[in-house]
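A short worksheet on the structure shown next.
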Amino acid sequence: MPIRVRDVGTVTRSVAPIYTIVTANGKSAVLLSIIRQPDSNTLAVADEVHQQIQSLSAGLPPGVHLEPFYDQSTIVRDSISSVRDAVLIGIVLSVAILILFLRDWGASIIAGLVIPATLCITFIALKSFGESFNLMTLGGLAAAVGLVIDDAIVVLENIVLHRDAGQNRFQAISSALREMVVPLLGSTITPIVVFLPLISITGVTGSFFRALALTMTVALLVSLFLAMTWTPTLSQYLLRDKHQGDAGCSGEFRRDSGD
């Protein structure tokens, strides 16, 4: 039985459609995108890619070059530098202010140790939550540096105030903590309440804001914990008692004025 064949179309020579054109320095180029996995490190991936580019460049034919077009690790490195600068500036300014107003090197050392201790504990907490160190977490750390030291400075100032009033170190620490527990809780919980709703945001936007909100919340809670525990403990060892000579002079002045 004969088979009939129908014409289903016409084949002609033509030009293939071009949907994307990549040029570099006015010449045709090929763009190769390398995207890291969610659990990988941006800096480690970028360093390995740069090593592979250097090894491949030696064997390329003349006129062919491999050059990076967009490297996200540069932004991450700049963010790390910003966090480092914020930490150093915060430590220097807090120590300078405490020396200027409290005239006590021990109080300055305590305040200077609070920032790196808070950031180290925050790093550990973020790692346990599965958060990587990206632009949002690093930005949250840079923004939190100005907040994490507030609790410690408030506690230190109150301890020094009671010490200068004539109490010994242990009595001054006990009095300061009794007075500052409620104010510290209120001042710390207030910004946390602002950031907590951001953790529940879903989608791409939520993935960004969740990291920022989690970083700020953890840093503030850690600073509150250290202000109530670590700062008084260090004050017991690093703060000096009020000089007996100062107390004697003030007492003698009061007796003279009473006469």
Side-chain angles (χ1 to χ4, degrees), residues 82-83 85-104 106-126 128-129 131 136-165 167 169-201 209-236 238-239:
S82 299
V83 174
D85 295 341
V87 171
L88 294 177
I89 293 174
I91 293 175
V92 171
L93 290 179
S94 60
V95 170
I97 293 298
L98 289 175
I99 292 176
L100 179 63
F101 288 96
L102 298 183
R103 309 280 183 168
D104 195 314
S108 304
I109 294 175
I110 296 171
L113 293 175
V114 167
I115 295 179
T118 302
L119 294 182
C120 288
I121 298 176
T122 303
F123 288 153
I124 297 173
L126 291 177
S128 64
F129 288 138
E131 291 290 337
M136 299 306 293
T137 54
L138 292 173
L141 290 173
V145 168
L147 300 175
V148 298
I149 199 172
D150 289 346
D151 295 340
I153 289 180
V154 169
V155 173
L156 273 174
E157 289 178 343
N158 207 26
I159 292 174
V160 173
L161 177 65
H162 286 283
R163 183 203 64 179
D164 292 344
Q167 297 180 352
R169 281 175 293 181
F170 182 77
Q171 293 173 340
I173 293 171
S174 300
S175 300
L177 288 180
R178 283 197 302 269
E179 295 176 358
M180 298 308 301
V181 169
V182 176
L184 284 179
L185 286 174
S187 63
T188 304
I189 292 176
T190 299
I192 290 178
V193 171
V194 176
F195 286 109
L196 276 181
L198 299 178
I199 298 179
S200 61
I201 299 177
F209 284 102
R210 181 180 182 275
L212 176 64
L214 186 61
T215 302
M216 296 291 292
T217 300
V218 171
L220 290 173
L221 289 176
V222 171
S223 69
L224 175 63
F225 174 76
L226 292 181
M228 304 301 295
T229 57
W230 199 50
T231 300
T233 302
L234 290 179
S235 300
Q236 180 65 28
L238 297 180
L239 280 183

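Residues: numbered from 1 along the sequence shown. Just so we're clear, the structure is a prediction, and the values are computed from it rather than from any experiment.
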Could you give the distance from [atom1] ([X]) to [atom2] ([Y]), rounded to the nearest 0.5 Å?
X: Ile159; Y: Glu157; atom1: CD1; atom2: CD; value: 10.5 Å
X: Thr231; Y: Leu156; atom1: OG1; atom2: CG; value: 6.0 Å
X: Ile115; Y: Cys120; atom1: CD1; atom2: SG; value: 12.0 Å
X: Ile189; Y: Leu184; atom1: CD1; atom2: CG; value: 10.5 Å
X: Ile173; Y: Thr233; atom1: CD1; atom2: OG1; value: 7.5 Å
X: Met216; Y: Leu196; atom1: CE; atom2: CG; value: 12.0 Å

Taking Ala125's backbone N and O only, do any of them form a donor-acceptor pair with Ser128's side chain (distance below 3.5 Å, no angle check)?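 Indeed, once roles are kept as given, a pair shorter than 3.5 Å links the two residues.
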For the side chain of Arg163 and the backbone of Arg169, is there at least one donor-acceptor N/O pair under 3.5 Å apart?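 Not confirmed, Arg163 side chain does not pair with Arg169 backbone.
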Do [X] and [Y] make a side-chain contact, defined as non-hydrogen atoms from C-beta onward lying under 4.5 Å apart?
X: Thr215; Y: Leu126; value: yes
X: Leu226; Y: Ile121; value: yes
X: Trp230; Y: Ile110; value: no

Is there a side chain to side chain contact (heavy atoms under 4.5 Å, CB included) between Leu212 and Thr137? Walk through the geometry before answering. CA-CA 5 Å; Leu212 176 64; Thr137 54; over 6 Å; no
Might you point out which heavy atoms bring [X] and [Y] nearest each other, and give the distance in Å?
X: Ala213; Y: Phe195; answer: CB-O, 3.2 Å
X: Ser223; Y: Asp151; answer: OG-OD2, 3.4 Å
X: Ala227; Y: Ala152; answer: CB-N, 3.9 Å

From Leu220, Val218, Leu214, Val148, residue fulfilling side chain to side chain contact (heavy atoms under 4.5 Å, CB included) relative to Thr122: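 So, applying the side chain to side chain contact (heavy atoms under 4.5 Å, CB included) to Thr122 and each of Leu220, Val218, Leu214, Val148, only Val218 qualifies.
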Are more than 12 heavy atoms from other residues, nucleotides or ligands located less than 6.0 Å from atom CZ of Phe123?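 Enclosed: over 12 neighbouring heavy atoms sit under 6.0 Å from CZ of Phe123.
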For Asp150 and Ser187, which I'm curious about, is there any donor-acceptor pair between the side chains at under 3.5 Å?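 Short answer, no.
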